[in-house]
Structures are given as structure tokens and as C-alpha cells.
Amino acid sequence: MRTAIALAATIALAGGGVTATADRASAAPVTPSPIAQAGTAAVKGSAKDGYQVYSRTSEAIRYTRTYDGIRVYGGDLIVRLKNGKVTGTSVGLAKPLSLSTKPSVTALSARAKATSAFRGKITSSGTPELFVDASDGTGKLAWETVISGWQPDGQTPSRLHVITDALTGAVRGSFDEIESVSGTGNSIYSGPVAIETTANDTGFSLTDPVRGGGYTCDMGNRTSGTCAVFTDDDNLWGTGANADRASAAVDAHFGAATTFDYFKNVHGRDGIFGTGVGVPSRVHYGSAYVNAFWDGAQMTYGDGSGNAKPLVALDVAGHEMSHGVTEHVVPGGLTYAGEPGGLNEATSDIFGSMVEFYANSTADAGDYDIGEKIDIRGTGAPLRYMYDPAKDGSSHGCWSTTTKNVDVHYSSGVANHFFFDLAEGTGVTAYGTSPLCGSAAPVAGVGREKASAIWFRALSNYFISSTTYAQARGYTLSAAADLYGFCGTEYKAVQASWTAVNVAGDDFCSAGNDFTLALSAPSVAVDPGTSGTVTVATTAINGDPEPITFTAGVVPAGVTVSFDPATVTAGEPTTVTVTADPGTPRSSAPVTITATAPSVTRAVSLAVSVNSSAGCTGTNGDDVAIPDNTTVTSTITIADCAVTPSSTASVEVHIVHTYIGDLVITLLAPDGTAYVLHNRAGGGTDNINQTYTVNLSAEAPNGPWVLQVRDAASADIGKIDSWSLSL
């Protein structure tokens with residue numbers, strides 16, 4: 001049931017600057033705030049929560065959240081409105097926060113741990129900030145420390161955010177604030193273009209007076225110091241050849257202007273930041289620097305191999321500056337890991353491609369290849385293919401339970417593939433052949449204008465920092481209904497396009513009151529004697545919101561499923577708790593979650609797994625250095641496992657390494673049998689954070705299990721950070 005926040009004489013939106021005081025004498029009516037209208041259950045609120053307005057439109061208000069006065073990462077939410085009435089929410093928390101905010105680990109210890117996690121040259125370390133890390137839907141007290149410096153190449157800047165547990169000191173994760181794309185360029189890409197400049201007493205400067213003063217400057221092949229704005233006496237810039245330093249500047253200036261115009265003219269957003277302020281572009285950065293990056297405030301381009309191939313391609317500019325849009329629309333951006341990280345990268349690929357189409361350049365015609373001009377592999381092949389992501393050998397073109405474990409540049413393939421299918425359709429197209437996943441039906445595209453409008457509205461009005469693929473399906477459906485009508489051609493195309501990439505959901509339409517369901521995660525795994533939770537979001541998509549009651553279908557032996565609350569109003573979420581009794585055997589099965597309203601009944605499938613029994617799992621968290629051209633090992637000894645290992649045993653591996661294409665990773669059973677997990681795949685991708693499924697049913701469980709890692713090449717080193725085995 002909807003639970004309203006208790007209202008007294010004063011109604012306050014904590015931290016958001018919204019306060020209304022009732023006049024006891026006049027007894028004038030007071031309109032509850034949107035948070036109060038939605039209710040504590042809908043926003044997963046607690047008595048210690050505060051809410052701050054991040055952005056607002058007439059249809060949606062974004063909030064950030066604090067708990068006991070400290071920031072909650074992953075606590076952001078959206079309250080959607082229609083005619084002043086709440087119609088739904090997007091919330092990442094699985095349940096209200098309840099935790100102590102007194103750390104056991106000091107800020108000094110957190111900084112030391114963060115410093116040890118940095119690879120490269122450190123120039124400064126920030127003061128650790130105590131906050132609540134709710135990026136996984138639950139709240140953990142943590143320290144965030146920002147370590148600044150240079151990556152191992154000595155030219156790429158880094159601002160690494162390291163998250164450490166404030167109770168145990170363990171590193172929970174990290175992400176680099178500076179988002180980049182590496183590659184090798186082979187030309188000056190844009191050809192003859194018109195650009196906006198500023199006249200001055202001595203001539204002209206490459207400063208755009210039309211787009212908020214965005215300028216383009218020359219770093220002089222240095223990584224620091226003054227960046228000199230380009231000037232010219234006749235307003236004729238560059239020759240189209242790299243020998244003229246202004247030629248690369250023209251491409252960068254044109255890329256910044258085109259990206260600014262695309263977001264303003266197509267989506268109504270006033271530039272990258274939404275404030276009308278232009279974007280600085282730094283060119284000729286570093287020496288033979290084969291990279292381009294967005295650092296949160298500006299674009300930077302290297303000159304490529306031999307300083308002969310500037311990385312100023314139009315879709316590279318659009319991609320990187322779209323990261324700026326994402327991080328300013330969603331507070332802090334979509335979390336740069338797992339499925340939200342894949343959606344983050346896909347958003348940049350999508351809009352980078354749309355910028356290229358918008359430019360309508362004959363020299364660099366629009367397409368769905370990413371980075372095709374910079375030739376990162378030296379073979380003429382693009383970085384990624386939106387129409388068939390798996391074509392690059394690493395990206396996921398079809399969603400699976402392992403998608404969340406791969407690098408975000410590869411998990412992005414699922415959303416890229418979805419977008420291509422929505423825009424252009426499946427099968428043979430003018431831009432490439434888009435394959436179907438499984439037994440999905442062919443899709444007829446609705447055009448890139450409608451597809452990009454749907455994606456931008458989902459980003460603006462529905463996506464929060466922890467959005468998953470399952471949620472993205474529901475959010476884009478809601479965006480399509482908002483723009484083009486419920487169950488219209490566009491709505492059905494969104495349904496079909498997600499199904500075509502294996503992101504399943506209900507493909508229904510009705511004329512009466514209706515709602516959709518979206519799981520925060522497609523599966524939940526628990527140990528015997530423990531519980532796990534997921535959230536089911538409901539969205540009223542037609543007619544009036546109705547009460548919805550949840551029930552669970554057949555569950556594995558020893559497992560119970562409960563709902564809190566068991567009944568909600570369409571637009572509110574419920575928390576699903578899966579509990580395994582002590583001694584419950586290992587199992588895995590789908591559980592049907594049924595939602596019943598007076599007008600219609602909907603259902604969604606949740607994959608429920610019970611992990612190995614006690615004694616059949618182990619973890620080794622000791623760091624083991626991996627030198628060049630060396631084989632190292634790490635051992636887990638299983639002593640008390642009384643069952644036969646499973647055909648779907650799991651090996652979770654966390655390795656820090658700057659070139660995982662050097663690595664061969666093998667699991668050695670106690671009898672010496674070798675199971676190869678990773679064999680020199682992934683190229684220059686940083687780090688391995690992946691769970692491998694292995695058939696160990698022929699093995700005896702007890703004894704030493706060894707993770708063997710061989711570095712088979714020179715130049716890059718790393719360490720085994722930790723690994724776990726579940727038989």
C-alpha cells in the first residue's frame with residue numbers, strides 16, 4: 001500500500017531548499033512535496049534520509065540522497081509527474097538504508113589503501129570522503145579517495161576514485177574519472193567545413209562565440225603547461241594536411257560545435273553541460289600519444305603514432321563529449337562498472353554515431369561503426385560494430401548472465417545492438433547485417449531520429465546511476481509510450497528490439513489500466529542459511545494506477561520468497577527477499593513473480609540459485625605479483641566438502657593487469673587436471689574481473705585447487721588481487 005510521509009505544520013524537503021509552512025490561523029491547504037506524494041515506500045526512504053533536487057522538468061524531478069548527513073552513492077532517484085501527480089519512480093535501493101555511519105577504518109588508512117591500488121605515477125591524493133556506497137542496491141559505509149597522477153604510459157592523466165570499506169578496509173571497487181578511447185589515426189578526417197571563430201585586434205582566434213565560447217588550443221605536444229588558443233590573420237584555418245597544426249584543430253573545433261548543435265537542436269539540451277557553456281578542445285597533446293579523452297571539463301586529442309595521425313575523428317569527439325552529457329544528466333553518470341557501465345558506454349556510442357549522421361559530411365559519412373577512422377587495430381577495422389557487436393571478438397551482442405562481468409566497452413554491445421535494431425531493423429541493412437539472438441523474431445526499425453529520441457528521453461527521465469539492462473528495457477518502453485503513444489508502432493519496436501538482443505520481458509499491449517514490471521537484477525544467488533534481495537519496479541503505462549499484489553510461484557526446496565510490501569500501487573516498487581534455509585542443497589531454477597491488479601495480471605521470471613554448501617567454497621585474497629614472462633600460482637585448499645563438484649562450478653577471478661592479452665589463466669584440480677579459463681584474449685583491456693563457469697563434476701572436491709597465471713609477453717605486469725572457488 002502507498003505509505004505517505006507524516007505531515008505536520010511544516011513540510012520540508014531535506015536539503016533541497018523546498019519548505020512550506022502552514023498558517024495555523026488561515027488553515028490554507030498545503031501541497032505535499034513530490035517525495036511526500038510518492039511515499040516512503042516508493043523512494044525506499046528512512047528517517048535519516050535527506051533529498052536534494054538535482055534537476056527538474058514539468059514531468060520529472062531528479063533527487064540525490066543523503067543518509068545521516070552523508071552522501072549516498074547510488075541513492076539517486078526520479079519522481080515522475082503528470083499534471084502535478086506522481087506517476088512513478090526510479091529508485092536504485094533495494095530497501096531503506098539502515099546502518100551505522102561511524103567508521104572503523106581511519107581516513108588515513110583508507111588513503112594508504114587507495115594509494116596502493118593506483119598504477120602509474122601519483123601526483124596527489126585527495127582527502128578521503130566518508131559516504132554510503134549503495135551502488136549495488138544496499139548501503140555500505142565506505143571511504144572514497146581520489147588519487148591523481150599519470151597512467152603507466154606517462155601521458156594519460158588519471159583521477160582514480162578508489163572505494164574502500166569503512167569497516168574492513170577492503171577495496172570495494174574503483175573507477176577512473178577520465179574516460180578515454182585509445183587508437184591510431186590515419187588522416188585529418190573532417191574535410192572542408194565551416195567553423196565559427198572570434199575576431200580580435202590582430203586577426204582571429206579559434207573561439208566559438210555562438211556556442212558558449214568553446215575554444216580549441218595547441219598543447220605543443222606536451223602533457224602540461226599552457227594550451228595556446230589557435231590564432232590566424234585571415235580566418236583561413238589549416239590545409240587538410242597534418243603538416244599544418246591548424247588542420248587537426250579544425251577537426252576538433254568542428255567536432256565540438258557539431259556535438260553541441262546536435263544535443264541542442266535535436267534533444268533541446270543547451271550544450272554538453274546543459275548551461276550553454278562551450279567545450280574546450282586541446283589538440284597535439286603529448287608525444288606520439290595514441291589516445292583521446294574527456295576529463296569531465298574538456299576534450300583532449302593526441303597526435304597518434306609518430307605524431308602523424310591525430311585522433312580527431314568526429315565520432316570520437318561525439319562519443320567522448322556524450323560522456324559529459326551522461327554525467328551531467330544522471331548525477332555522477334551511470335555507474336562505470338557492470339551493466340550500468342555498459343549502458344554508459346553505449347550511450348556515448350549511440351550519440352557519437354548520431355553526431356556523425358547529424359554532421360552529414362561526405363568526408364566522414366554517418367554509420368554505425370565506432371572509431372572506423374582511427375584504425376585502432378592497424379587493420380582498417382573499427383573499434384566496435386553496433387549492428388553486430390560480437391564481430392570485434394570481445395563485445396556481447398546478446399545479453400547473458402555474464403554480461404555484467406566483462407569490460408564496459410564490451411558489455412555496451414547489448415545496448416548498441418538494441419539501438420541499431422530499433423533504428424534500422426535486423427537482417428541485411430545499408431550499414432551491415434544485424435543478427436538475431438536465439439529465436440527472436442525479425443525487427444523493423446523506426447528510424448534513427450525516433451530511436452535516438454527514445455534513448456535520450458529514457459536517459460533524461462528514467463535512468464538512474466544503477467540502471468541495469470532489464471530496467472533499461474522498461475524505461476525505454478515508458479519513454480516510447482511518452483513520445484509516441486502506448487502500444488504504438490514505436491513501442492512495439494522497442495519491445496521487439498530488446499527481445500532481439502535477449503533482454504526479455506513481457507510483450508503485451510492492452511487498452512485498459514496496465515503496468516509493467518522490471519527486476520533490478522535478473523537473478524539472485526544465496527548461500528544456505530542466508531537471504532538476498534532484488535527490487536521489482538512497477539510503472540503505470542496506461543489508464544489509472546491500480547493496487548498490485550505480488551505472489552511467487554514454485555520455488556526450489558528449502559527456499560522461500562517474500563515481498564515487502566506485498567501490495568503496492570502501480571508506480572511503486574517492492575523488495576523481493578529470497579531466503580535459503582540452513583542445509584539447503586545447491587540448486588538453480590526460475591521462479592515466477594506474479595503481479596495481480598484488478599484489471600490485468602503480469603509476471604516476470606527471477607532466476608534463483610542456492611550456492612554450494614558450507615565447506616565447498618573458498619577465497620584467496622592474498623596479492624600475488626605477475627612479472628613479465630613468468631608463471632605464478634595462488635592456492636585454495638578445500639577440506640570439508642561432502643558433495644560432488646557441480647558441472648556449473650564457478651571460479652571468480654580478479655586480476656589487475658594493463659594488458660590481459662598477455663595472460664593465460666588455468667585452474668588446476670587437486671589431481672592436476674587443468675581447466676583453461678582465459679587464453680590471451682582481450683588485447684589491451686585493463687584488468688580481469690570475471691566469473692568463469694567450469695564443469696568440475698569429474699573431480700574429487702577436497703585438496704589444493706590452484707589458480708595458475710602465466711604472463712606470456714613483455715612490457716606489462718600486474719598482480720592476482722583475489723580469486724574464489726565455488727564447487
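A search for ring pair (Phe, Tyr, Trp, His ring centres under 6.0 Å) contacts involving Y215 returns nothing, not counting sequence neighbours. Residues satisfying the side chain to side chain contact (heavy atoms under 4.5 Å, CB included) criterion with T326, sequence neighbours excluded, are L334, N344, T347, L459. Residues passing the side chain to side chain contact (heavy atoms under 4.5 Å, CB included) test with N265, sequence neighbours excluded: D261, Y358.
Using a 4.5 Å heavy-atom cutoff, the side chains of M386 and I350 are in contact. Contact of the R159 side chain with the D295 side chain is registered, since non-hydrogen atoms from C-beta on lie closer than 4.5 Å. Contact annotation: the side chain of V283 approaches that of T216 to within less than 4.5 Å [non-hydrogen atoms, C-beta and beyond]. Between I464 and I78 there is a side-chain heavy-atom pair separated by less than 4.5 Å. For the pair R384/S412, a side-chain contact is recorded, criterion being any heavy-atom separation below 4.5 Å from C-beta on. For the pair K373/K309, no side-chain contact is recorded, criterion being any heavy-atom separation below 4.5 Å from C-beta on. Contact of the M299 side chain with the M321 side chain is registered, since non-hydrogen atoms from C-beta on lie closer than 4.5 Å. In this structure, P209 and E196 have side chains that are in contact, with non-hydrogen atoms separated by less than 4.5 Å.
Formation of a donor-acceptor pair under 3.5 Å by the N687 side chain with backbone atoms of V656 is not found in this model. No donor-acceptor pair closer than 3.5 Å links the side chain of T259 to the backbone N or O of A256. Proximity of a side-chain donor or acceptor of S90 to a complementary backbone N or O of Y462 within less than 3.5 Å is detected. No donor-acceptor distance shorter than 3.5 angstrom exists from the side chain of T145 to the backbone of A114, with no hydrogens or angles considered. Under a 3.5 Å cut-off, the side chain of Y262 and the backbone N or O of A257 do not form any donor-acceptor pair. Between the side chain of T258 and the main chain of G255, no donor-acceptor pair closer than 3.5 Å is present. When atom types are taken as modelled, the side chain of S322 and the backbone of V325 share no donor-acceptor pair closer than 3.5 angstrom. T467 places no side-chain N or O within donor-acceptor distance of the main-chain N or O of A472, the cut-off being under 3.5 Å.
Ring geometry for F420 versus Y368: interplanar angle over 60°, hence perpendicular rather than tilted (30 to 60°). Between Y336 and H409, the ring planes are perpendicular. Angles over 60° get that label, and only those under 30° would be called parallel.
A distance of 8.5 Å separates CG in D315 from CG in D369, rounded to the nearest 0.5 Å. Annotation: the span from R62 atom CZ to S460 atom OG amounts to 7.0 Å, rounded to 0.5 Å. The OG1 atom of T300 sits 9.5 Å away from atom CG of N291, with the distance rounded to the nearest 0.5 Å. Distance check, rounded to the nearest 0.5 Å: CD1 of I688 to CG of D721 gives 12.0 Å. Here the CD1-OG1 distance, from I147 to T123, works out to 9.5 Å after rounding to the nearest 0.5 Å.
The shortest non-hydrogen separation linking M219 to T226 is SD-O, 4.4 Å. The minimum heavy-atom distance between L314 and A359, with the atom names listed, is CD2-CB, 3.3 Å.
With salt bridges taken as basic N to acidic carboxylate O contacts below 4.0 Å, one links D133 and R172. Taking the charged nitrogens against the carboxylate oxygens, R448 and E424 do have a contact shorter than 4.0 Å, which makes a salt bridge.
Between W455 and Y475, the gap from one ring centroid to the other reaches at least 6.0 Å. The aromatic ring centres of F230 and H253 sit 6.0 Å or more apart. Separation of the F357 and Y431 ring centroids falls under the 6.0 Å cut-off.
Taking the ring axis of F263 as reference, the NZ or CZ atom of R269 does not stay both within 45° of it and closer than 6.0 Å to the ring centre.
A salt bridge (charged side-chain N to carboxylate O under 4.0 Å, His left out) check over residues 215-243, counting only residues at least two apart or in different chains, returns the pairs D218-R245. Contacts classified as disulfide (SG to SG under 2.5 Å) and involving residues 294-337 (residues at least two apart or in different chains) are not found. Applying the disulfide (SG to SG under 2.5 Å) test to residues at least two apart or on different chains, none of the pairs has a partner in residues 279-352.
For T197 and N235, the side-chain atoms include at least one donor-acceptor pair closer than 3.5 Å.
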